[in-house]
Amino acid sequence: MRLWWQGNLKAHQFIHAEYWKSNAPLVRPLIQQSTLWVVREGATVIAFCGLQQDFIAGFFVDEKHRRRGVGTALMAKLQATYSKLRLTVYQKNIRVAQFYKNLSSIC
């Protein structure tokens, strides 16, 4: 939940923090019900992706580990495992939208 909270606050500064705070109790069980792919550094989770079938419901990389290939490596593993992946991205989240556009097999 820490990565979810911090990731949403940072990536979606155009959405009031109260929105994320009020949705946290709803998101926790959804994360638990998703297929999770996790990247750890020792015992610490530094990135994760939550999938609902072929839909990427959430993809988060700890801020300290961004731009170091962690997200790209996780996405490469997902692309090698799943024949199709889908997602939605806020248009105002330009950096993340560009990250996904650079990955050709996501539609």
Side-chain angles (χ1 to χ4, degrees):
M1 287 302 294
R2 178 188 58 81
L3 281 180
W4 176 85
W5 170 254
Q6 291 174 347
N8 279 309
L9 289 179
K10 183 75 171 177
H12 307 117
Q13 295 176 1
F14 47 89
I15 297 174
H16 195 279
E18 186 58 35
Y19 171 81
W20 303 112
K21 183 178 179 181
S22 67
N23 278 287
L26 304 171
V27 170
R28 184 179 304 275
L30 293 175
I31 290 174
Q32 293 170 343
Q33 295 167 11
S34 297
T35 301
L36 291 179
W37 289 75
V38 176
V39 179
R40 296 177 191 260
E41 184 173 79
T44 304
V45 174
I46 61 169
F48 80 90
C49 178
L51 289 169
Q52 296 169 343
Q53 286 110 27
D54 65 351
F55 182 74
I56 297 174
F59 191 95
F60 298 91
V61 178
D62 184 276
E63 190 170 8
K64 294 179 288 190
H65 296 278
R66 292 183 190 153
R67 301 203 182 274
R68 296 184 180 179
V70 174
T72 301
L74 177 54
M75 188 58 69
K77 182 67 174 171
L78 293 168
Q79 289 175 308
T81 304
Y82 296 89
S83 61
K84 178 182 175 185
L85 293 169
R86 301 177 301 117
L87 57 85
T88 59
V89 177
Y90 287 103
Q91 288 180 345
K92 291 182 180 180
N93 194 346
I94 296 167
R95 185 181 52 79
V96 171
Q98 188 59 49
F99 171 77
Y100 289 125
K101 284 179 185 177
N102 291 335
L103 303 167
S104 61
S105 70
I106 293 191
C107 37

Nearest-0.5 Å distance, CG of residue Leu30 to CZ of residue Arg28: 11.5 Å
Heavy-atom side-chain contact between Val70 and Thr72 under 4.5 Å: no
Cluster check Ile31, Val38: I/L/V/M/F/W/Y, side chain < 4.5 angstrom: yes
I'd like a table of donor-acceptor pairs (distance under 3.5 Å, sequence neighbours excluded) in which one partner is a side-chain atom from residues 45-60, with atom names and distances.
from  : atom 1 : to    : atom 2 : distance (Å)
Asp54 : OD1    : Arg86 : NE     : 2.9
Asp54 : OD1    : Arg86 : NH2    : 3.2

Candidate pair Asp62 and Gln6, rule side chain to side chain contact (heavy atoms under 4.5 Å, CB included), full reasoning: CA-CA 8 Å; Asp62 184 276; Gln6 291 174 347; 4.3 Å; yes
